[in-house]
Amino acid sequence: MKGIDVFRYSFSAIKLRKLRAALTTLGVIVGIAAIVALLSITQGLQATLTGQLNQGLSANTLIVMPSSGGFGGGGFGGGLGQGASSTGFSLYVNNTAEIATLSPDIEATVAIISRSGYVQTDDFSRVVTFYGVDFERYAQIYPTFRAETGSIPIPPQEDQIVIGTRVNQPGQNGTIFFTPGDAINVSWVNATIIPPVNETYSATVAGVLEKVGGFGIGGPSDTGVYIPIDKVQSFFGTEQCDMIIVTLTNSDNTTITNVSKAIADQFSNQVTVIASTAVLSLLTTVFSTIQLFLGGIAAISLLVAGIGIMNIMIVSLIERTREIGILKALGMKSRSVLAIFLGESVIIGLIGATVGIGLGWGLAVIVAQVLGSGAFSPGVSGNTSGAFAITPLLTPEVLLGALAFGVGVSIIFALYPAWRASKLKPVDALRYE
Amino acid sequence: MSVQNVPVVEALNVKKTYMLGKVPVEALRGVNLRVEQGDFVSILGPSGSGKSTLLNLIGALDKPTSGTLRIDGVDIGKLNDNQLANLRIHIGFVFQFFNLIPRLNARDNVELPMSISNIGKAERKKRAIELLETVGLKERMNHKPAELSGGQQQRVAIARALANNPKFLLLDEPTGNVDSKTASDVLGLIQKLNKEQHVSIIMVTHDEKLAHQANRIVKVFDGEISADMVS
C-alpha cells in the first residue's frame with residue numbers, strides 16, 4: 001500500500017472520531033505548549049540576564065566583597081548590606097588604593113557603598129538604593145553611567161546626586177518627576193543608634209542616567225540613586241564599603257586568576273573575588289538546571305498525553321478489530337496495518353505539536369508582558385518597580401525539539417497498540433463482534 | 001500441465017485442528033477438493049460441519065494443520081504472513097455480513113483493495129466506477145454503506161471482491177442477510193459473472209436451495225466431504 005494511501009486511510013479514521021481525536025490532540029497541545037512556553041521564557045530570561053550582565057559587568061571586571069553570606073550579605077542588589085562580614089571583617093573605601101598596587105594588570109578600582117533609603121520631594125517619595133561611588137572612576141569603568149539629561153558632575157558638588165531613569169520615571173509612562181537642578185531630600189533611617197533616627201539632607205539632581213535596562217553586580221542600575229562617595233561616607237557615617245570593583249588591563253583567564261588570588265591573599269581570604277566570567281558561567285549553569293527542571297515537568301505532562309494516546313489507540317484497536325480483519329482479508333500486509341495506526345498518531349502528534357508550539361509561544365509572550373509590565377515586580381513598596389523586560393526566545397532547537405518530541409511521544413505510545421493491531425490474525429479479527 | 005489447467009483450489013488431505021480451551025477440535029479431517037477455473041461450486045453443510053474452516057483456508061486467512069492446500073498452484077502452508085497477504089489480493093472474498101468499511105462510500109470501498117495492491121488513484125477510480133456499473137450501483141457510488149440497502153451493500157461487496165481481477169470469487173452465505181427477492185438478484189449477478197466473464201465461483205452456504213444454483217455441490221459433514229456431485 002502506498003504511503004499516501006496509508007495516510008489518507010489514517011486520516012479518514014481520525015475524522016470519524018473527531019471529538020476523541022481532538023481531546024487526544026489536546027493532551028499533546030498542552031504538553032508541548034507547556035514545554036515551549038517554559039523554555040522560551042527561561043531562555044529569554046537567560047538571554048536578557050546574560051546580556052545585561054555583560055553590559056553591567058565587562059569581562060575584565062572583578063568584584064571584591066567581604067566573604068560573608070555571599071551575594072546577600074555583601075549587599076548585592078541593594079539590600080541592607082552593612083559592608084561587614086559575620087566574622088567582623090570589613091572592606092574599607094581606602095582599600096582601593098591598596099588593591100590597585102597589587103598587580104600591574106589592575107587598571108582601576110572603585111569602591112561602592114550601598115544603602116537602602118528613600119528620596120522625597122513635596123509630592124514624591126520612594127524607596128531606593130543609594131550607591132556611593134567616585135563618579136569619575138565609576139564612569140570610566142561603566143560606560144553606561146552616562147547622563148541622559150543633565151550631566152554626571154565631575155568632580156561633583158557635595159549635594160549633587162545622579163538618579164536612575166526609573167527613579168525619575170517610575171511608571172515608565174512619560175511622567176517625569178525631576179529635571180536636572182531640582183531639589184530632592186535624601187533620607188535614611190540610622191538604625192545604628194537607639195532609638196533609630198531619620199537622617200535627611202537636601203540634594204540636587206545633577207543628572208538622570210540613560211536607561212541601562214538591566215542590572216549588573218556593581219554596575220549602574222535604573223533604580224539606583226548615585227551619591228558622591230565622600231558625601232555617602234559622612235552621611236552614613238561609615239568608611240566601610242560593600243564592594244570594590246577592579247578592572248583589569250585584559251580579560252585573560254590567567255590574569256583574572258592571578259589578580260583574584262593576589263587580592264584574596266592580601267585580605268587573608270576574607271574577601272570573595274568574583275570574576276564576571278564566573279558569574280556568567282554560574283548563570284548559565286543555573287539556567288541549564290532551571291530549564292532541565294521546568295522542561296522535565298512539562299515533559300511529564302506530555303508523557304501523560306502519550307499515555308492518553310496509547311489508551312485511545314487501544315480502544316480504537318478493539319473497536320476496529322473487525323475492520324482490521326477485513327483489511328487483512330483484502331490482502332493488506334501487517335506492516336500497512338501498523339503504518340495506518342502509527343499514521344493516526346503521527347497526525348495527532350503533528351497537529352498537537354504545531355498548535356502547541358503556537359500556543360506555548362503565545363503564552364510566553366503574554367507571561368513576558370505581564371512580568372515586564374511590573375505587575376509582579378519584586379519591589380516590596382510597589383513604587384520601586386524593579387521589573388525588567390523579558391523577550392521570550394524561541395530558538396530553532398526548542399522549536400524543532402518540541403515538534404520532534406511531540407511526534408516522537410505520539411509514535412512511541414502508539415507503537416504497542418499499532419503492533420498489536422498488525423499482529424491480529426485475520427480469522428480471529430473477522431470473527432470479532 | 002499447462003497454465004490453463006492449474007486448478008484454482010486444490011486440497012489434498014487437508015486437516016485443521018483447533019484448540020478449544022485445552023480440548024483439540026478436529027474441524028477438518030482430511031479434505032480432498034479440486035476446483036477448476038470457470039467452475040461454480042457450492043460448498044454445502046450445516047453449521048459446525050467445518051465449512052467455515054474450509055472457507056477460511058480457501059480464503060488464505062488461515063493455514064491447514066496438515067495436508068496441502070494449493071491456491072492457484074501455490075501451497076499456502078509454506079507462505080509467510082506477507083506472502084499470504086499478497087495471495088489474498090487475488091482472492092475475491094465476499095463476506096456474509098458484507099463487511100464494508102462504514103466510513104467509506106461505495107466507490108472508496110471498491111477502491112480499497114486496489115489501493116492495497118498499489119494501483120494508482122486515477123486507474124482505481126475508473127475501475128471502481130466500472131465495477132459498480134457492472135453490479136448496477138453506479139448512481140449510488142457516493143453513498144455510504146449505511147445509506148444502502150442490504151442487497152445494495154452485498155453488490156458493493158461483490159464489486160469490491162472483483163476489484164483486483166481475482167482468480168475466483170469466494171462467497172460466504174451470499175444471500176444469508178438479504179430478502180428472497182434481493183437474494184435472487186444477487187444470485188443472478190453471480191451466475192452472470194460466472195457465465196459471461198468466466199469468473200470462478202466458490203459459494204459456501206447451508207441453504208440447500210441456493211446451493212443447487214451452482215454447477216457442482218460439495219457437501220461437507222463432520223469435517224469431511226460427504227458428497228461431491230454435479231448439480
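None of the values given here were measured: they were computed from a predicted structure.
Listed by sequence position, Arg8(A), Tyr9(A), Ser12(A), Ala13(A), Leu16(A) are the residues of residues 8-24 of chain A in contact with chain B, using a 4.5 angstrom heavy-atom cutoff. Contacts with chain B (heavy atom to heavy atom, under 4.5 Å) involve these residues of residues 316-327 of chain A, listed by number: Arg320(A), Arg322(A), Glu323(A), Ile326(A), Leu327(A).
Here Ile4(A) contributes atom CD1 and Ser115(B) contributes atom OG; the two are 11.0 Å apart, rounded to the nearest 0.5 Å. Rounded to the nearest 0.5 Å, atoms CG (Leu84(B)) and NZ (Lys328(A)) are 10.5 Å apart. Distance check, rounded to the nearest 0.5 Å: CG of Asn118(B) to CG of Asp5(A) gives 8.0 Å.
Other residues, nucleotides and ligands contribute over 12 non-hydrogen atoms within 6.0 Å of the CZ atom of Phe287(A). Lys138(B) NZ: 12 or fewer foreign heavy atoms inside a 6.0 Å radius. Atom NE2 of His206(B) has 12 or fewer heavy atoms from other residues, nucleotides or ligands within 6.0 Å. Residue Phe293(A) qualifies as open at atom CZ: its count of foreign heavy atoms under 6.0 Å is 12 or below. Arg431(A) CZ: more than 12 foreign heavy atoms inside a 6.0 Å radius. Atom CG of Asn86(B) sits in a crowded spot, with more than 12 heavy atoms from other residues, nucleotides or ligands closer than 6.0 Å.
With a 4.5 Å cut-off on non-hydrogen atoms, Ile119(B) touches chain A through its backbone but not through its side chain. Of the two parts of Ile91(B), neither the backbone nor the side chain holds a non-hydrogen atom closer than 4.5 Å to a non-hydrogen atom of chain A.
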task = Output, in order, the C-alpha distance, side-chain angles, deciding distance and verdict of side-chain contact (heavy atoms from CB on, under 4.5 Å) for Lys425(A) and Asp62(B).
result = CA-CA 8 Å; Lys425(A) 288 199 180 310; Asp62(B) 211 351; 5.9 Å; no
task = For the pair Asn99(B) and Leu430(A), evaluate side-chain contact (heavy atoms from CB on, under 4.5 Å) and give the outcome as yes or no after the intermediate values.
result = CA-CA 9 Å; Asn99(B) 278 346; Leu430(A) 277 172; 3.6 Å; yes
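Taking Ala85(B), Gly59(B), Ala161(B), Ser52(B) one by one and counting their heavy-atom pairs under 4.5 Å with chain A, the maximum is reached by Ala85(B).
Closest approach of Leu61(B) and Val427(A) over heavy atoms only: O-CG2, 3.2 Å. Scanning all heavy atoms of the two residues, the minimum distance from Gly331(A) to Arg88(B) falls at CA-CB, 3.9 Å. Closest approach of Asn82(B) and Lys333(A) over heavy atoms only: OD1-CD, 3.3 Å.
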